[in-house]
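By convention here, the first residue in the shown sequence is residue 1. Values below: all heavy atoms of this structure, side chains included; hydrogens, waters and symmetry mates excluded.
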Amino acid sequence: MPKPLSLSFDPIARADETWTQRWGAVPSMAAITSIMRAHQILLAEVDAVVKPYELTFARYEALVLLTFSKAGELPMSKIGERLMVHPTSVTNTVDRLVRSGLVAKRPNPNDGRGTLASITDKGRRVCEAATRDLMAMDFGLGAYDADECAEIFAMLRPLRIAAGDFEGG
């Protein structure tokens with residue numbers, strides 16, 4: 001958990017006021033700053049929950065993705081695509097999971113140059129335990145109810161569509 005700042009004022013609101021005085025109103029500056037701060041807070045909270053399992057949230061996401069696959073394994077390229085990360089990041093993440101005994105790698109029989117990553121039994125157990133812990137703390141979003149979480153998801157969706165993550169509709 002991040003240490004509370006305990007400030008007597010909202011520094012992002014103050015920055016927004018100062019920005020407006022200097023350059024004019026730009027609501028997107030306050031919004032992006034709030035989103036980035038929220039990212040810091042949430043990542044610190046969820047990483048603290050998965051740390052006892054020797055995971056980061058990125059490694060946890062990879063484990064979950066493998067549990068979602070029919071056979072418990074996916075090509076490395078597919079993992080990167082689904083997690084929306086660079087191939088180097090996938091390799092780093094999966095290699096750390098392999099060293100922890102949570103994932104195994106083998107050549108992809110359908111692609112001579114590709115590699116499959118598969119979740120191990122230990123990986124499934126760790127994933128289930130970490131998932132229980134993350135769900136118990138509402139993935140750090142306990143300040144919001146279910147409707148507000150749905151609203152956050154809906155509000156951020158157009159940004160993801162505009163980035164080309166997927167085709168909107």
Side-chain angles (χ1 to χ4, degrees), residues 1-68 74 78-97 99-100 102-103 119 123 125-169:
M1 292 277 288
K3 183 182 176 215
L5 297 177
S6 301
L7 299 174
S8 61
F9 64 95
D10 180 343
I12 296 173
R14 175 83 49 89
D16 185 45
E17 291 167 10
T18 304
W19 187 285
T20 299
Q21 291 169 4
R22 185 169 200 173
W23 291 301
V26 182
S28 57
M29 187 284 298
I32 186 65
T33 306
S34 293
I35 290 168
M36 299 303 278
R37 178 62 181 141
H39 175 262
Q40 291 172 338
I41 293 165
L42 293 171
L43 192 57
E45 288 184 6
V46 297
D47 274 346
V49 169
V50 298
K51 186 176 182 176
Y53 300 102
E54 298 180 14
L55 295 174
T56 60
F57 193 67
R59 287 183 225 148
Y60 168 77
E61 286 180 304
L63 284 179
V64 168
L65 180 61
L66 289 171
T67 67
F68 286 171
L74 288 169
K78 190 64 71 178
I79 293 170
E81 179 184 293
R82 300 271 170 81
L83 295 179
M84 300 170 279
V85 296
H86 190 274
T88 304
S89 296
V90 174
T91 300
N92 184 354
T93 297
V94 171
D95 286 350
R96 287 177 181 264
L97 291 168
R99 285 195 294 273
S100 298
L102 306 177
V103 168
I119 192 164
R125 288 191 304 274
V126 166
C127 186
E128 288 295 324
T131 298
R132 277 192 304 273
D133 291 350
L134 287 166
M135 288 174 61
M137 54 86 77
D138 288 324
F139 287 87
L141 292 169
Y144 301 100
D145 65 24
D147 289 340
E148 290 168 323
C149 285
E151 186 177 342
I152 292 167
F153 175 80
M155 287 181 69
L156 295 175
R157 193 170 193 270
L159 179 67
R160 299 183 309 116
I161 292 169
D165 284 355
F166 60 98
E167 294 179 20

Exercise. Short question: side chain of Asp47, backbone of Phe57 - any donor-acceptor pair under 3.5 Å?
Worked result: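 Yes, Asp47 side chain to Phe57 backbone: donor-acceptor pair under 3.5 Å.
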Exercise. Side chain of Thr93, backbone of Val90: donor and acceptor closer than 3.5 Å?
Worked result: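 Not at all, since once roles are kept as given, no pair shorter than 3.5 Å links the two residues.
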Validation row: [X], [Y] side chains within 4.5 angstrom (heavy atoms):
{"X": "Glu45", "Y": "Ile41", "result": "yes"}
{"X": "Arg160", "Y": "Phe153", "result": "yes"}
{"X": "Met137", "Y": "Leu134", "result": "yes"}
{"X": "Thr88", "Y": "Asn92", "result": "no"}
{"X": "Thr67", "Y": "Thr131", "result": "no"}

Using every non-hydrogen atom in the two residues, find where [X] and [Y] come nearest and quote the distance to one decimal.
{"X": "Asp133", "Y": "Val49", "value": "CB-CG1, 3.5 Å"}
{"X": "Val46", "Y": "Phe139", "value": "CG1-O, 3.8 Å"}
{"X": "Ala130", "Y": "Leu55", "value": "CB-CD1, 4.4 Å"}
{"X": "Leu42", "Y": "Gly140", "value": "CD2-O, 3.3 Å"}

For this session: Check side chain to side chain donor-acceptor pair (under 3.5 Å) between Asp145 and all other residues, then give those that pass, not counting sequence neighbours.
Result: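 Asp145 satisfies side chain to side chain donor-acceptor pair (under 3.5 Å) with no residue once adjacent residues are dropped.
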